[in-house]
Novice: 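Please find one structure pasted underneath; my questions will follow.
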There are 2 protein chains.
Amino acid sequence: MSDWEAPRVLLAVDLVILTVRGSTLQVLLVERGVEPFEGALALPGGFLRDLDEDIPAAARRELEEEAGLADEPHLEPLGVYGEPGRDPRGRVISVAHLAIAPRLPEPVAGTDAAEAWWKPVDDVLSGRLELAFDHRRIVADGVERARAKLEHSALATAFCGETFTISELQQVYEAVWGVQLDPRNFYRKVQRAQGFIVPAGPSLRPGNGRPARLFRAGPVHTLNPPMVRSAH
Amino acid sequence: MSDWEAPRVLLAVDLVILTVRGSTLQVLLVERGVEPFEGALALPGGFLRDLDEDIPAAARRELEEEAGLADEPHLEPLGVYGEPGRDPRGRVISVAHLAIAPRLPEPVAGTDAAEAWWKPVDDVLSGRLELAFDHRRIVADGVERARAKLEHSALATAFCGETFTISELQQVYEAVWGVQLDPRNFYRKVQRAQGFIVPAGPSLRPGNGRPARLFRAGPVHTLNPPMVRSAH
DNA sequence: CCCACTTTCTGTCAGTTTGACAAGAAGCTA
DNA sequence: TAGCTTCTTGTCAAACTGACAGAAAGTGGG
């Protein structure tokens, strides 16, 4: 036992970057430029740069390099995916992260190596879109995490810009959960959760109908009472 | 870039094994038998055995080797702890797992190398008990995970034996959350959550007072309605 | 056997929250 | 000005919550 040596593995970081575009939840995918799975769609990610790089730092680096998201979106660890054989290059342990991007102007900002696209998560989950490695599983776990956290945390505000209207926030809930909500009851519930959202000045956002009041994310991260998604 | 090679790291598995003894939440700790931190208290765990060992398999192996829990308690991944410098032996990435052990007869079953003890989590969280590496942080995350999951999942039943009474289940909630609950309202809430617990035959468990009906874990893992821990 | 005691279990009741829906408010367009 | 859209404020019955009374069913002591 004294001459035994612990095995060494490759450490990668993968990103599930979610956003809401239109009324659908979308995930950022890149086209792989190298083997294995060259040309296939995959999550943004890559190996640890060196032995001194912190894992969160590596996640932020990939977020900027591959997705062009330099500012600071919500980023949290999601899980570890290290099944032997998931990568033909050897034993690769991937630390998946979940990132939430606010609604962006339109296309993804210019990325380094390959092209990147927003794709509806439903296309990934249903198998209509094939992904490299076990990335479909990782996307599924990320989406499930986001759905759960919307109930009890203020994560939904991370999908919105600096300021937002209540109906924009409602669109986030509807897109992520895939349900329809009553605007009037949603309005009441969101307001009741103390510290979830706070008014952002007297300015209004014009639209097709009556202009809406603007809000920004409040100081609270744990919703009380929570936003229960009822058994529709 | 083509001659660049990804760094290789050591992969470890650590276990936060929780149980309820008496009325306090406790965690299993072992005394380290080797450097670094020889003699200090730490979480059970160890390195991946070889390059073909699955991570969940390594967690189950440590669960049996170091804690003597051969049967199948609840086990789920908790998080990754891989800060550079957390282990003087090199870059060690630890995949922490959360395990829930049912109430055990009395002491921990005989363990392989060193001694193992149940310790109150409060002693760890308050710093009264010093732990090796960043294990105090890992314990804190595990306890927080357990507290949160008690609200929305049927995790509490994993702290109980095959069959249990409703007041035993209540003791789990009280120990994990560190609060006092009204037995009558608890009784009602637990029964209302469809599929959470199901009656286990006509036999009763005698005690100091009126004998209690026995239940076992139901088929449902997501509680509806959830067990909200109110703002006491 | 009867009484005190403990714990389990079944109700009750007022206050709050929920889901469904009506209707007013405030802009834009024709 | 009329018509349309969307935001915002209410209303109301049903369900849920927290606090608490009290019956049910055992144990142990005299």
Side-chain angles (χ1 to χ4, degrees), chain A residues 22-23 150-152 156 160 163-175 177 179-216 222-232, chain B residues 22-23 150-152 156 160 163-175 177 179-216 222-232:
Chain A
S23 61
L150 244 55
E151 293 196 71
H152 316 288
C160 301
T163 63
F164 49 87
T165 69
I166 290 189
S167 66
E168 281 174 359
L169 195 61
Q170 180 180 343
Q171 285 169 27
V172 170
Y173 276 89
E174 292 182 333
W177 284 349
V179 297
Q180 290 275 102
L181 300 174
D182 184 307
R184 299 160 294 189
N185 293 336
F186 184 83
Y187 202 92
R188 185 180 52 189
K189 281 213 78 168
V190 166
Q191 299 265 44
R192 174 126 47 200
Q194 299 291 337
F196 183 13
I197 59 174
V198 297
S203 58
L204 303 177
R205 175 159 305 172
N208 276 344
R210 173 176 175 174
R213 287 153 68 194
L214 285 176
F215 295 83
R216 64 180 72 248
T222 308
L223 261 42
N224 191 343
M227 307 283 297
V228 283
R229 65 182 140 161
S230 64
H232 55 173
Chain B
S23 62
L150 245 54
E151 293 196 73
H152 318 288
C160 301
T163 64
F164 49 87
T165 68
I166 289 189
S167 66
E168 282 174 359
L169 195 63
Q170 181 180 341
Q171 285 169 28
V172 170
Y173 275 88
E174 291 182 335
W177 283 351
V179 298
Q180 289 275 102
L181 300 173
D182 184 307
R184 299 159 295 188
N185 293 337
F186 184 83
Y187 203 91
R188 185 180 52 189
K189 282 212 77 169
V190 166
Q191 300 265 42
R192 175 127 48 201
Q194 300 290 338
F196 183 12
I197 59 174
V198 296
S203 58
L204 304 178
R205 175 160 304 172
N208 275 345
R210 173 176 175 173
R213 288 153 69 192
L214 285 176
F215 294 84
R216 66 180 73 249
T222 309
L223 262 41
N224 190 341
M227 307 283 298
V228 283
R229 65 182 140 160
S230 62
H232 55 169

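The basis for the numbers below is simple: all heavy atoms, side chains too, and nothing from hydrogens, waters or symmetry mates. Since the model is a prediction, treat every value here as computed from it, not as a measurement. Order of the sequence lines sets the chain letters (A, B, ...), proteins ahead of strands, with each chain counted from 1.
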Novice: Of all heavy-atom pairs between B:Leu181 and B:Glu174, which one has the smallest distance, and what is that distance?
Specialist: N-OE2, 2.9 Å
Novice: Check the phosphate of C:dG19 against A:Arg229, side-chain N and O only, distance under 4.0 Å to OP1 or OP2. Yes or no?
Specialist: no
Novice: Under 4.0 Å between a side-chain N/O of A:Tyr187 and OP1 or OP2 of D:dT9, yes or no?
Specialist: yes
Novice: Between C:dT7 and B:Arg210, counting only base atoms on the nucleotide and side-chain atoms on the residue, is there a donor-acceptor pair under 3.5 Å?
Specialist: no
Novice: Using a cut-off of 4.0 Å on non-hydrogen atoms, how would the nucleic acid contact of B:Thr165 be classed: base, sugar-phosphate, or nothing?
Specialist: nothing
Novice: Please determine if a side-chain N or O atom of A:Arg188 lies less than 4.0 Å away from the OP1 or OP2 oxygen of C:dC21.
Specialist: no
Novice: Within the structure provided, determine whether A:Glu151 and B:His152 are in side-chain contact (heavy-atom separation under 4.5 Å).
Specialist: no
Novice: Of the nucleotides C:dA20, C:dT6, D:dG18, which one has an atom closest to the side chain of A:Asn185?
Specialist: C:dA20
Novice: Assign each of B:Glu168 and A:Arg192 to its nearest nucleotide of DNA chain C by heavy atoms, then name whichever residue's nucleotide is nearer the 5' end.
Specialist: B:Glu168
Novice: Give A:Arg184 one of three labels, base, sugar-phosphate or nothing, depending on what nucleic acid heavy atoms sit under 4.0 Å from its own.
Specialist: base
Novice: Over all heavy atoms of both residues, which pair between A:Tyr173 and A:Ala156 is shortest? Give the atoms and the distance, please.
Specialist: CE1-CB, 3.4 Å
Novice: Counting only side-chain nitrogens and oxygens, does A:Lys189 get under 4.0 Å of the OP1 or OP2 atom of C:dT17?
Specialist: no
Novice: Just checking B:Pro211: base, sugar-phosphate only, or nothing, at a heavy-atom cut-off of under 4.0 Å?
Specialist: sugar-phosphate
